[in-house]
Amino acid sequence: MIPVDRAALGRDAREVAPYLLNKVVGHGAVTGRIVEVEAYRGSDDPGSHAYRGPTPRTQVMFGSAGFAYVYFTYGMYWCMNVVVGPEGTASAVLIRALAPIGGIDTMFERRPKAHKTKDLCSGPAKLCQALDVDGRFDGHDLAEDPLLLLDDGTPPPAEPSVSARIGLSRGLDLPWRWYVSGDPNVSR
DNA sequence: GGTGTGATCGTA
DNA sequence: ACGATCACACCA
């Protein structure tokens with residue numbers, strides 16, 4: 001298990017997003033495999049938080065690839081992105097679902113409303129609860145403990161499923177969501 | 001199985 | 001005012 005190659009993360013978000021399928025996210029011993037992602041770009045993507053230029057909230061998106069952009073939404077939830085692309089393009093990949101691997105008992109403690117394993121990480125805010133990811137990791141280098149983006153040698157799926165992104169009011173025409181076909185942990 | 005709605009508050 | 005969401009109620 002090694003950190004995901006930083007140079008690979010520096011490519012366009014539409015390449016990096018499907019590349020991140022089957023990579024591993026870990027917070028300490030609590031880990032899961034990425035099974036669903038969405039690509040976001042900056043100035044040309046009306047669905048992106050960065051569309052209208054940098055703000056205090058989005059400043060880490062305008063920084064280097066390989067860092068976490070963690071944002072607060074709907075007054076109660078956190079969601080986690082990997083900053084990708086050439087520096088300054090404000091691109092990111094939203095991690096939308098994980099297949100739980102390690103620390104599943106801890107995930108159930110953090111998500112008491114989950115009844116089955118597939119309820120633990122089948123959504124961007126759910127997986128942040130399960131992994132105890134919140135605003136303290138905004139701007140965190142994902143090659144450093146305790147929150148890591150790892151490559152265990154599993155390749156991305158040869159033919160991931162593709163769809164429009166979820167939960168947006170703008171940018172709905174862009175097919176920038178990728179997921180592992182048939183995985184029970186994929187959201188909704 | 002599917003659809004509709006309330007919660008809750010930082011951001012712009 | 002609205003949101004890169006979730007959980008639960010309700011209907012089928």
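The chains referred to below are lettered A, B, ... by the order of the sequence lines, with proteins before strands, and numbering in each begins at 1.
Both A:Gly123 and A:Ser169 lie near DNA chain C, and the one whose nearest nucleotide falls closer to the 5' end is A:Ser169.
In this structure, A:Arg165 places its CZ atom 14 Å from P of C:dG3, rounding to the nearest Å. Regarding A:Phe72, its CZ atom lies at a distance of 14 Å from the P atom of B:dA12, rounded to whole Å. C:dT5 atom C1' lies 14 Å from atom CG of A:Asn81, rounded to whole Å. In this structure, the CD1 atom of A:Ile166 is 13 Å from the C1' atom of C:dC6, given to the nearest Å. Distance CD (A:Glu38) to P (C:dT5): 7 Å, rounded to an integer number of Å. Between the NZ atom of A:Lys116 and the P atom of C:dA7 there is a distance of 15 Å, given to the nearest Å. In this entry the distance linking CZ of A:Arg111 with C1' of C:dT5 reads 11 Å, nearest Å.
Residue side chain A:Tyr74 meets the stacking definition with respect to C:dT5: its ring centre sits within less than 5.5 angstrom of the base's six-membered ring centre, and the planes differ by less than 30 degrees.
Both tests pass for A:Arg165 against the ring of A:Tyr40: distance under 6.0 Å to the centre and angle within 45° of the axis.
B:dT5 is paired with C:dA7 under the criterion used here, namely a Watson-Crick or G-U wobble arrangement in which both key atom distances are under 3.5 Å.
Using modelled atom types and a 3.5 Å distance limit, the side chains of A:Arg41 and A:Thr89 yield no donor-acceptor pair. There is a side-chain donor-acceptor pair under 3.5 Å between A:Gln129 and A:Arg111. A:Ser187 and A:Glu36 share a side-chain donor-acceptor pair at under 3.5 Å.
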